[in-house]
Amino acid sequence: MLFSEKLIDWYSINLRDLPWRATQDPYKIWLSEIVLQQTRVVQGMPYYLQFLERFPTVFDLAEAKEDEVLKLWQGLGYYSRARNLHATAQYIAQEKNGIFPQTAKELKKLKGVGEYTAHAIASFCFREPVAVLDGNVFRVLSRVFGVNDEIDTPAGKRIFKDLAQKLLDSEKPDLYNQAIMEFGALQCTPKAPLCNVCPFMQKCVAYQNQMIGDLPRKKKKVKVKEEHINYLVLVDNNGNTFMKQRTQKGIWRNLFEFPRLESEFANGVSEGLNETIRLKSLENQNVELTAFYPKPVKHLLSHRKLFIQFYIGMVTDYSAFASLSKKYHIVQNIHTFAVPVVIERFIGASDFFNS
DNA sequence: AAGGCGGGGTC
DNA sequence: GACCCAGCCTT
């Protein structure tokens, strides 16, 4: 029995009922694939449903402001996905009359659509015989066929790409691609795979050689950089505060944040300072700042370890902060702005913005 | 070829 | 703490 046949048999019994599997609409498939990049199904699901509810068609998404798209994306991470999603929606709506490309080659030209996503859309929507290659597929192929090439190098990727394409059922590329990813997600999991009930138990090279824990192989390990951030939260009794959009390239681009003490005052506060301080240089207002948390919040990202403290300064008259007002928005309803999760949690924990 | 880019789950 | 998740983009 062919690998693809056995795989599809397994899938027909074990598949999950996921909303994007009930359609071949390129808009919905495309949306689901962008949402699910480097994201677990359970985490992406509510975002997918909310985006479809707010933006039923690509035209609705195209007409929205990017800020609203980012707000709806808030908490999902990798925010370039949201910016590219919006840009591509505008391109499809305005330049292509709302019609998505129908081949993998053309799909890949869209912003935010790489080889994986192009193959996924092309196979699911148009049955083009192109194999997907994602984290699940790398894992399944490396184990079943004993491929120990590194999955994060161009040379290794080429090996897997060729093998994946060779195994693909060209008559049912949609079903096959769904099946192999589902198999990786539910059966051939990274830790504690269900080998004792696996249909490939007999032929699986990794299982027969007790190499399950060694495959797939990877080369690089991400380096985690530490960073200390001190936010200046000047707030009045009505919950007004200063914020600025991060327009530079890099982390949290186009999201909003509070002024950073370091950027406003050369001699700001020391890292993790935990006491009441006075900043007499602050527009001559002599505002008293108090650390909100007893110690800085640790916020972990894949590539960074952030230590963040929020300094609260109660003010009565915003008009007194002239120079700050030039660089920062006076935010009256903070809940409408897209912010990083660590700031959202602070907002929820404080009383200043939840009257 | 290497590094940047989020946040959350699991062991 | 280490690894992973329906990856993509820039340098």
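Chain letters run A, B, ... following the sequence lines, proteins first, then strands; residues in each count from 1.
- Across A/C204 and A/R143, no two heavy atoms sit closer than the pair SG-O, 3.5 Å.
- The shortest distance between the side-chain N/O atoms of A/K191 and the OP1/OP2 oxygens of B/dG9 is not below 4.0 Å.
- The separation of C/dT10 from B/dG6, taken at their P atoms, amounts to 14 Å, rounded to a whole angstrom.
- A pairwise comparison of heavy atoms in A/Y27 and A/P56 identifies CE2-O, 3.5 Å as the closest pair.
- In this structure, A/F100 has its ring center under 6.0 Å from that of A/W30.
- Rounded to whole Å, the distance from NZ on A/K111 to C1' on C/dG7 is 17 Å.
- Contact detail for A/V235 and A/Y318: the closest heavy-atom pair is CA-OH, 3.3 Å.
- Within 4.0 Å of A/V132, counting heavy atoms only, lies no atom of the nucleic acid at all.
- Nucleic acid contact class of A/K223 (heavy atoms, under 4.0 Å, all strands): none.
- The cationic atom of A/K244 (NZ for Lys, CZ for Arg) lies less than 6.0 Å from the six-membered ring centre of A/Y328 and within 45° of the ring axis.
- Not one side-chain nitrogen or oxygen of A/Y48 sits closer than 4.0 Å to the OP1 or OP2 atom of C/dA6.
- In this structure, of C/dT11, B/dG7, B/dG6, it is B/dG6 that holds the atom nearest to the side chain of A/T39.
- Aromatic ring pairs are classed by plane angle as parallel below 30°, tilted from 30° to 60° and perpendicular above 60°; the pair A/F51 and A/W73 is perpendicular.
- The P atoms of B/dC5 and C/dA6 are separated by 23 Å, rounded to the nearest whole Å.
- Of the candidates C/dC8, C/dA6, C/dC4, C/dC4 carries the atom nearest the A/P190 side chain, counting heavy atoms from C-beta on.
- Across all strands shown, A/K108 has no heavy atoms under 4.0 Å from either base or sugar-phosphate atoms.
- As a whole-Å value, the separation of A/Q37 CD from C/dG7 P is 7 Å.
- The residue among A/L300 and A/L18 whose nearest nucleotide of DNA chain C lies closer to the 5′ end is A/L300.
- Backbone-only contact: A/K219 has heavy atoms under 4.0 Å from sugar-phosphate atoms and none from a base.
- Residue order along DNA chain B, read from the 5' end via each residue's closest nucleotide, puts A/P154 first among A/P154 and A/S80.
- Scanning atom types as modelled, no donor and acceptor separated by under 3.5 angstrom connect the side chain of A/T117 and the base of C/dG7.
- Summarising the geometry, the separation between CD1 on A/I151 and P on C/dG7 is reported as 10 Å, rounded to the nearest angstrom.
- Here A/W73 lies out of heavy-atom contact (under 4.0 Å) with every strand.
- Residue-level contact check: A/Q178 touches the bases, meaning some heavy atom is under 4.0 Å from a base atom.
- In this structure, A/F183 places its CZ atom 14 Å from P of C/dA6, rounding to the nearest Å.
- The nucleotide whose nearest atom lies closest to any side-chain atom of A/K305 is, among C/dA6, B/dA1, C/dG1, C/dG1.
- Here A/Q38 does not reach the OP1 or OP2 of C/dC5: none of its side-chain N or O atoms lies under 4.0 Å away.
- Nearer to the 5' terminus of DNA chain C, by closest-nucleotide assignment, is the contact made by A/R16 (compared with the other of A/V113 and A/R16).
- Here A/K225 does not reach the OP1 or OP2 of B/dG3: none of its side-chain N or O atoms lies under 4.0 Å away.
- Whole-Å rounding puts the A/L76 CG to C/dA6 C1' distance at 13 Å.
- Heavy atoms of A/G44 sit nowhere under 4.0 angstrom from any nucleic acid atom.
- Counting non-hydrogen atoms under 4.0 angstrom, A/G75 reaches the backbone sugars and phosphates but no base.
- Rounded to whole Å, atom P of C/dC5 lies 18 Å from atom CD1 of A/I34.
- Checked by distance alone, A/R40 brings a side-chain donor or acceptor within 3.5 Å of a matching partner on the base of C/dC4.
- Classification of the A/Y231-A/F258 ring pair by plane angle, with boundaries at 30° and 60°, yields perpendicular.
- Between B/dG7, C/dC3, C/dC4, one nucleotide has an atom nearer to the side chain of A/K218 than all others, and that is C/dC4.
- Regarding contacts with the backbone of B/dC5, a side-chain N or O of A/H303 is found under 4.0 angstrom from either OP1 or OP2.
- Backbone-only contact: A/R345 has heavy atoms under 4.0 Å from sugar-phosphate atoms and none from a base.
- Candidate nucleotides C/dA6, C/dC9, C/dC3 were compared by shortest atom distance to the side chain of A/K221, and C/dC3 ranks first.
- Minimum interatomic distance between A/L107 and A/A118 (heavy atoms only, all atoms of both residues): CD1-O, 3.8 Å.
- Distance A/D152 CG to B/dG3 P: 11 Å, rounded to the nearest Å.
- Nearest-nucleotide positions on DNA chain B for A/V42 and A/T153 put A/T153 closer to the 5' end.
- The distance between atom CG of A/L133 and atom P of C/dG7, rounded to the nearest whole Å, is 10 Å.
- A donor-acceptor contact under 3.5 angstrom links the side-chain atoms of A/S302 to the base of B/dG7.
- Within 4.0 Å of A/R304, counting heavy atoms only, lie sugar-phosphate atoms of the nucleic acid but no base atom.
- Closest to the side chain of A/L301, out of C/dA6, C/dG7, B/dG7, is B/dG7.
- When the C1' atom is used for both B/dA1 and C/dC5, the distance is 23 Å, rounded to whole Å.
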